[in-house]
**Q** 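Let me begin by handing over the structure; questions about it come next.
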Amino acid sequence: MRGQPVVTRHQRADRFDSLFFSGMAVLIVASVFVGFAHSYYLAGVFKAPLPNLLVHIHGAVFSCWILLLIAQTSLVAGGRVDLHRRLGLLGFALACLVTILGLLAATDSLGRHFRPGEAGMGVRAFYTVTLTTMLAFATLTYFAFRNRFNPAAHKRLIMIATIAILDAAFERWFIPVAWWGESAAALLCTVPMLLLIVGYDLWSRGKVHRATI
């Protein structure tokens, strides 16, 4: 009708981005809690029976990253972009800590569980996967920081970087079947979360965003 503004795809994307990415952040928090509830969060956090202090610090820093994700998406949804950008500097420093401590914790686990010969193949494979995961996280968060004044790219890169390090949480879901593990968690949990972003891009923008690709 005459007089009614025409809503473009990009305007629709701006309107629903806060809702979608806030929902993704909540989904990530729930996934992490379910995965680590028994061994960490409900076990008393710092009182949890973890192998050593390094693993405790790794868990605390990882949890802070997840909480910061919720805080940042909430600030954007609430229109406090100014505070969101101030916390962004803290977020970049925290991302560096996540990467460093992730590598240290993986190396520590390799040292505690290493076995020579065929018996150690699984441990070394896990270590290799962890190195790849942390490289992906570090790369994505770096480009997210570079694109901090490009909101559409920034939020996608941060979200995908976080999804990249959720494999440890998904693997620890209590799924009482023998085949549940790293590969199953990636196929049934990580990939669908990435496809949600792809689907949202197609719905809101008519194409997959370059950052998502």
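Hydrogens, waters and symmetry mates play no part in the numbers below; they use all other heavy atoms, side chains included.
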**Q** Where do Ala152 and Arg205 come nearest, in terms of heavy atoms and distance?
**A** CB-NH2, 3.5 Å
**Q** Name all residues meeting the salt bridge (Lys or Arg N to Asp or Glu O under 4.0 Å) criterion together with Asp167; count only those two or more places apart in sequence or in a different chain, and write none if there are none.
**A** none
**Q** Measuring only between side-chain heavy atoms, which start at C-beta, is Ile197 closer than 4.5 Å to His209?
**A** no
**Q** Can you tell me how far NE2 of His38 sits from CZ of Arg172, rounded to the nearest 0.5 angstrom?
**A**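 Output value for this atom pair is 11.5 Å.
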**Q** Minimum heavy-atom separation for Trp180 and Cys189, please, with both atom names.
**A** CH2-SG, 3.7 Å
**Q** If you group Ile, Leu, Val, Met, Phe, Trp and Tyr by side-chain heavy-atom gaps below 4.5 Å, do Met159 and Val191 land in one group?
**A** no
**Q** Under a 4.5 Å cut-off applied to non-hydrogen side-chain atoms, are Phe36 and Val45 in contact?
**A**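 The answer is no; the side chains never approach within 4.5 Å.
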**Q** Any chance you could measure Leu188, atom CG, to Ile175, atom CD1, to the nearest 0.5 Å?
**A**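 Leu188 CG to Ile175 CD1: 9.0 Å, rounded to 0.5 Å.
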**Q** Using the ring-ring contact (aromatic ring centres under 6.0 Å, His included) criterion, which residues pair with Phe20? Sequence neighbours excluded.
**A** Tyr200
**Q** Test of understanding: clusters of I, L, V, M, F, W, Y form through side-chain heavy atoms closer than 4.5 Å, transitively. Do Val81 and Leu87 belong to the same one?
**A**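 Hydrophobic grouping puts Val81 apart from Leu87.
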**Q** Is it true that Leu89 and Leu83 fall in one hydrophobic cluster, defined by side-chain heavy atoms closer than 4.5 Å?
**A**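 No, Leu89 and Leu83 fall in different hydrophobic clusters.
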**Q** Flag yes if Met24 and Val76 sit in one hydrophobic cluster, no otherwise; membership is Ile, Leu, Val, Met, Phe, Trp, Tyr, and two members link when side-chain heavy atoms are under 4.5 Å apart.
**A** no
**Q** Taking ring-ring contact (aromatic ring centres under 6.0 Å, His included) as the definition, give me every residue that meets it alongside Phe170, ordered by chain and number, with sequence neighbours left out.
**A**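 For Phe170, the residues satisfying ring-ring contact (aromatic ring centres under 6.0 Å, His included) (neighbours in sequence not counted) are Trp173.
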**Q** For the residue pair His154 and Asn147, what are the closest heavy atoms and their distance?
**A**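 Taking His154 first and Asn147 second, the nearest heavy atoms are CB-O, 3.3 Å.
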**Q** Indicate every side-chain donor-acceptor pair of residues 95-107 with a distance under 3.5 Å to a residue at least two apart or in another chain.
**A**
{"from": "Thr99", "atom 1": "OG1", "to": "Ala95", "atom 2": "O", "distance (Å)": "3.0"}
{"from": "Thr107", "atom 1": "OG1", "to": "Leu103", "atom 2": "O", "distance (Å)": "2.8"}
{"from": "Thr107", "atom 1": "OG1", "to": "Tyr127", "atom 2": "OH", "distance (Å)": "3.0"}

**Q** Report yes or no: do Leu67 and Ile70 belong to one cluster of Ile/Leu/Val/Met/Phe/Trp/Tyr joined by side chain heavy-atom distances under 4.5 Å?
**A** no
**Q** Out of curiosity, Asp108 CG to Asn52 CG, how far, rounded to the nearest 0.5 Å?
**A**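 So the CG of Asp108 and the CG of Asn52 are separated by 4.5 Å.
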**Q** Less than 3.5 Å apart, which donor and acceptor atoms pair up between the side chains of residues 132-144 and the rest of the protein, not counting sequence neighbours?
**A**
{"from": "Thr132", "atom 1": "OG1", "to": "Thr128", "atom 2": "O", "distance (Å)": "3.0"}
{"from": "Thr133", "atom 1": "OG1", "to": "Val129", "atom 2": "O", "distance (Å)": "2.9"}
{"from": "Thr139", "atom 1": "OG1", "to": "Leu135", "atom 2": "O", "distance (Å)": "2.8"}
{"from": "Thr141", "atom 1": "OG1", "to": "Phe137", "atom 2": "O", "distance (Å)": "2.9"}
{"from": "Thr141", "atom 1": "OG1", "to": "Ala138", "atom 2": "O", "distance (Å)": "3.0"}
{"from": "Tyr142", "atom 1": "OH", "to": "Arg146", "atom 2": "NH1", "distance (Å)": "2.9"}

**Q** Counting only pairs under 3.5 Å, give me each side-chain donor-acceptor contact of residues 53-66, with atom names and distances, residues two or more places apart or in other chains.
**A**
{"from": "His56", "atom 1": "NE2", "to": "Ala48", "atom 2": "O", "distance (Å)": "3.3"}
{"from": "Ser63", "atom 1": "OG", "to": "Tyr41", "atom 2": "OH", "distance (Å)": "2.8"}
{"from": "Ser63", "atom 1": "OG", "to": "Gly59", "atom 2": "O", "distance (Å)": "2.8"}
{"from": "Trp65", "atom 1": "NE1", "to": "Thr162", "atom 2": "OG1", "distance (Å)": "3.0"}

**Q** Considering all heavy atoms of both residues, which atom of Ala169 and which atom of Ser31 are nearest to each other, and what is their separation?
**A** CB-O, 4.0 Å
**Q** With heavy-atom distances below 4.5 Å as the criterion, would you say the side chains of Arg156 and Arg210 are in contact?
**A**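 Result no, sub-4.5 Å side-chain heavy-atom pair not found.
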**Q** Rounded to the nearest 0.5 Å, what separation is found between the CG atom of Leu68 and the OG1 atom of Thr73?
**A**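 So the CG of Leu68 and the OG1 of Thr73 are separated by 9.0 Å.
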**Q** Using 0.5 Å steps for rounding, measure from the NZ atom of Lys155 to the OG atom of Ser18.
**A**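 It comes to 5.5 Å.
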**Q** Would you say the side chain of Leu27 lies within less than 4.5 Å of the side chain of Leu196, judging by non-hydrogen atoms?
**A** yes
**Q** Please report the closest heavy-atom contact between Pro49 and Ser39, naming both atoms and the distance.
**A** CD-O, 4.5 Å
**Q** Could you give the distance from NZ (Lys207) to CG (Leu202), rounded to the nearest 0.5 Å?
**A**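 One finds 11.0 Å between NZ of Lys207 and CG of Leu202.
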**Q** Do the side chains of Ile28 and Met193 get nearer than 4.5 Å, heavy atoms only?
**A** yes
